[in-house]
Amino acid sequence: KAGVTQTPRYLIKTRGQQVTLSCSPISGHRSVSWYQQTPGQGLQFLFEYFSETQRNKGNFPGRFSGRQFSNSRSEMNVSTLELGDSALYLCASNLPGNDYNEQFFGPGTRLTVL
Amino acid sequence: DAKTTQPNSMESNEEEPVHLPCNHSTISGTDYIHWYRQLPSQGPEYVIHGLTSNVNNRMASLAIAEDRKSSTLILHRATLRDAAVYYCILRAGFSGGGADGLTFGKGTHLIIQP
């Protein structure tokens, strides 16, 4: 079974631009979560989608948004990029409904904002 | 999610057992103890989880204190491939519900010496 895939793997943008990252979950997984990882703040939860609905959201500004499509694929968007948005963005999928909800992570998208 | 405390780093020799401690004194009765690890340049991966009893799987063992205020992840025979950051995370147990985001701490950086 293929794992979680994320595209692109690397991205360079400049301040003020916007960016869209894509995530394809494991086949059959309907929940997709997004995380930001930086050296200073570590791994932080951004938001989670299930059946095209955002169910949970971390403490990030409104510039960070996402959506999920009917095939469970998800995209996240960051508008008006700031230098501090440079990070590894990780996507994870899981099968909701079990007691521990093991999350399967993709390799991430490395975003550099210049 | 309740807070966990882990040592910043630990060092071990290859082919020896490794015991990674985690303190979670404010754990609630329904919190599951999860362990994830992140290998260099990869997304986190699930290792093991438990509630009250000790658990074993092909990757590791999880020893949970009787009062559940601490736990230990045990790698029985460390290899160089086990060098990673190990995260101890508490997750509220539920069934049929959605996935709250994982709350990652700083984790323990495990160094394996050949």
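Below, read A as the first sequence line, B as the second, and so on, with proteins coming before strands; counting in each chain starts at 1.
Between chain A and the residues B:G107, B:G43, B:P44, the largest count of heavy-atom pairs under 4.5 Å involves B:P44. The greatest number of non-hydrogen atom pairs below 4.5 Å with chain A, out of B:E45, B:Q42, B:K106, is found for B:K106.
Looking at A:L43, the atoms closer than 4.5 Å to chain B (heavy atoms on both sides) sit in the backbone and in the side chain alike. Neither the backbone nor the side chain of A:Q6 has a heavy atom closer than 4.5 Å to any heavy atom of chain B.
Proximity of A:L11 to A:T112: side-chain heavy atoms (C-beta onward) are nowhere separated by under 4.5 Å.
A salt bridge does not link B:D31 to B:R68: none of the charged side-chain nitrogens sits closer than 4.0 Å to a carboxylate oxygen.
Classification of the A:Y35-A:F105 ring pair by plane angle, with boundaries at 30° and 60°, yields tilted. Taking the six-membered ring for Trp and thresholds of 30 and 60 degrees, B:F104 and B:Y87 have ring planes more than 60 degrees apart, a perpendicular arrangement.
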